[in-house]
Protein chains: 2
Amino acid sequence: MKSEKISEAVVRRLPIYLRYLNELNKREVATVSSQELGQKLDLNPAQIRKDLAYFGDFGRKGIGYDVSYLIEKIRQILNLDQQINAVLVGAGNLGQALSNYNFYLKENMKIVAVFDANPSKIGTRINTLTVQAMDELKETIQSKNIRIGIITVPDFEAQNVADQLIAAGIEAILNFAPTILKAPASIRIHAADFTTDLLSLAYYLNNGKDDTEDDGQFEELQQPERQS
Amino acid sequence: MKSEKISEAVVRRLPIYLRYLNELNKREVATVSSQELGQKLDLNPAQIRKDLAYFGDFGRKGIGYDVSYLIEKIRQILNLDQQINAVLVGAGNLGQALSNYNFYLKENMKIVAVFDANPSKIGTRINTLTVQAMDELKETIQSKNIRIGIITVPDFEAQNVADQLIAAGIEAILNFAPTILKAPASIRIHAADFTTDLLSLAYYLNNGKDDTEDDGQFEELQQPERQS
DNA sequence: TAGATTGTTAATCGATTAACAATC
DNA sequence: TAGATTGTTAATCGATTAACAATC
């Protein structure tokens, strides 16, 4: 273990490791090598070993990593050994979709409140939660120990909502709105705007709009794949 | 203009430029400098100039970039000067949320068909589209000239759906399922899994679970912000 | 002991930023 | 002409990968 500052790229890979480790655990696989992880996750084994070594000596030479132990360790690193509460602001379609995903429930991350500015939404139910009015935001965040805010409002509302979340004491924000939020450096913000992903995909389309008329059979050979 | 290979990081910034340029255009701003773009988008001005210079000399020394012209150029680079059709597979909550977003409509990217494997979903309507059965996938993709697939099915179905999309001739995939898809290198795949974003946020929470009891007023000073 | 696999250092590769001549 | 800002080269910074001694 060294005490360098950990890069964002490293941190972003931890949940990916965790996800696959959980799968192995369910299948009762006891041990896994960086080689095997790399193959499944499309990552270089050396990179995986290096990532993990930033945080401790979790593996055993000649053996690999103990799956349960590594899960426990990565959870600790990610602060997911305690329950982390999140609030969702914006009870539109996307907000509803997110609150349905219980993905994070497995991982001690839980949406415990939903807010919306629209009076017609307030009081309606999303799963087990009742949509609340914005003027209850601060009090709820504090009383329910909510540390993460998820923004699923339209772009022109996003900065305003972010400001309110920050004023209420939130520590980190996942922003689904297609805007760059301004915030103090102490607040961690992740952009989860899929329009960027989708539009950038178009760049990689084969530019020959119709002129490369092959039968589509050629490229099907299995090859090293690229993913991001 | 040089003819190096363009890195993924560069391509991913193009839609972000485009988004803000569209906003400027709506406000009838005629010209913008890399300086100003950088400030709004939290990017280094030199990086913006360099990104754009990969594709051509779009700016004017001493003046900056013509907003309309730059929009046109970036659209061309991203293949968005033509309509790009996409198919959505998975008519669950997330799928419905996505099909509602008309973000991409502005940008010539359009979801023109929706599929689901669940018989109870087939035939129902999402906006203007009728959910179709999977056995019509290939024929629809070909007849409607669909080039991009969006996967919003549960993780255990994602690889199977990807295989079908690829067999039907799709060129690129936006994958919302929390799985690493395997595909030929010729198929471009972007992962849009927000669970990774959300869980990695937890890493940045202030680890002192309760022991740093400050009043939250301190960190509010405006500082350079960090976003990703 | 032989084979496997880690943790870590060194080498490579790539991306960001600074600096500045060119020029509007 | 003076001020502003590009496009581009060079410098810096950071991340990935290769290689290998240590060791299970």
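Residue numbers begin at 1 in each chain, while the letters A, B, ... track the order of the sequences.
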Fill in the blank from the handout: For DNA chain D, the expected dot-bracket line (Watson-Crick or G-U under 3.5 Å, [ ] crossing, | inter-strand) is ..||||||||||||||||||||||

Practice task
Please state how far atom CZ in B/Phe55 lies from atom C1' in D/dT6, giving the value in whole angstrom units.
Solution key: 17 Å

Problem - Ion pair B/Arg19/A/Asp155, N-O distance below 4.0 Å - result: no

Handout entry: C/dA4 OP1/OP2 closer than 4.0 Å to side-chain N/O of A/Tyr65
Key = no

Exercise for the section: Determine whether more than 12 heavy atoms belonging to other residues, nucleotides or ligands lie under 6.0 Å from atom CD of B/Gln159. Expected result: yes

Problem - C/dT6 OP1/OP2 closer than 4.0 Å to side-chain N/O of A/Ser34 - result: yes

Problem - side-chain N/O B/Arg13 vs C/dA15 OP1/OP2, d < 4.0 Å - result: no

Handout entry: Polar side chain donor-acceptor pair, A/Glu23 to A/Asn25, under 3.5 angstrom
Key = no

Problem - Phosphate OP1/OP2 of C/dG14 contacted by B/Ser7 side-chain N/O (<4.0 Å) - result: no

Practice task
Using only heavy-atom distances, determine whether the side chains of A/Arg49 and A/Ser34 contain a donor-acceptor pair under 3.5 Å.
Solution key: yes

Problem - No-hydrogen, no-angle side-chain donor-acceptor test under 3.5 Å, A/Asn79 and B/Tyr204 - result: no

Exercise for the section: Please round to the nearest 0.5 Å and tell me the distance separating atom CG of A/Leu18 and atom CZ of A/Arg13. Expected result: 15.0 Å

Handout entry: Toward the 5' end of DNA chain D, by each residue's nearest nucleotide, A/Asn44 or B/Ile63
Key = B/Ile63

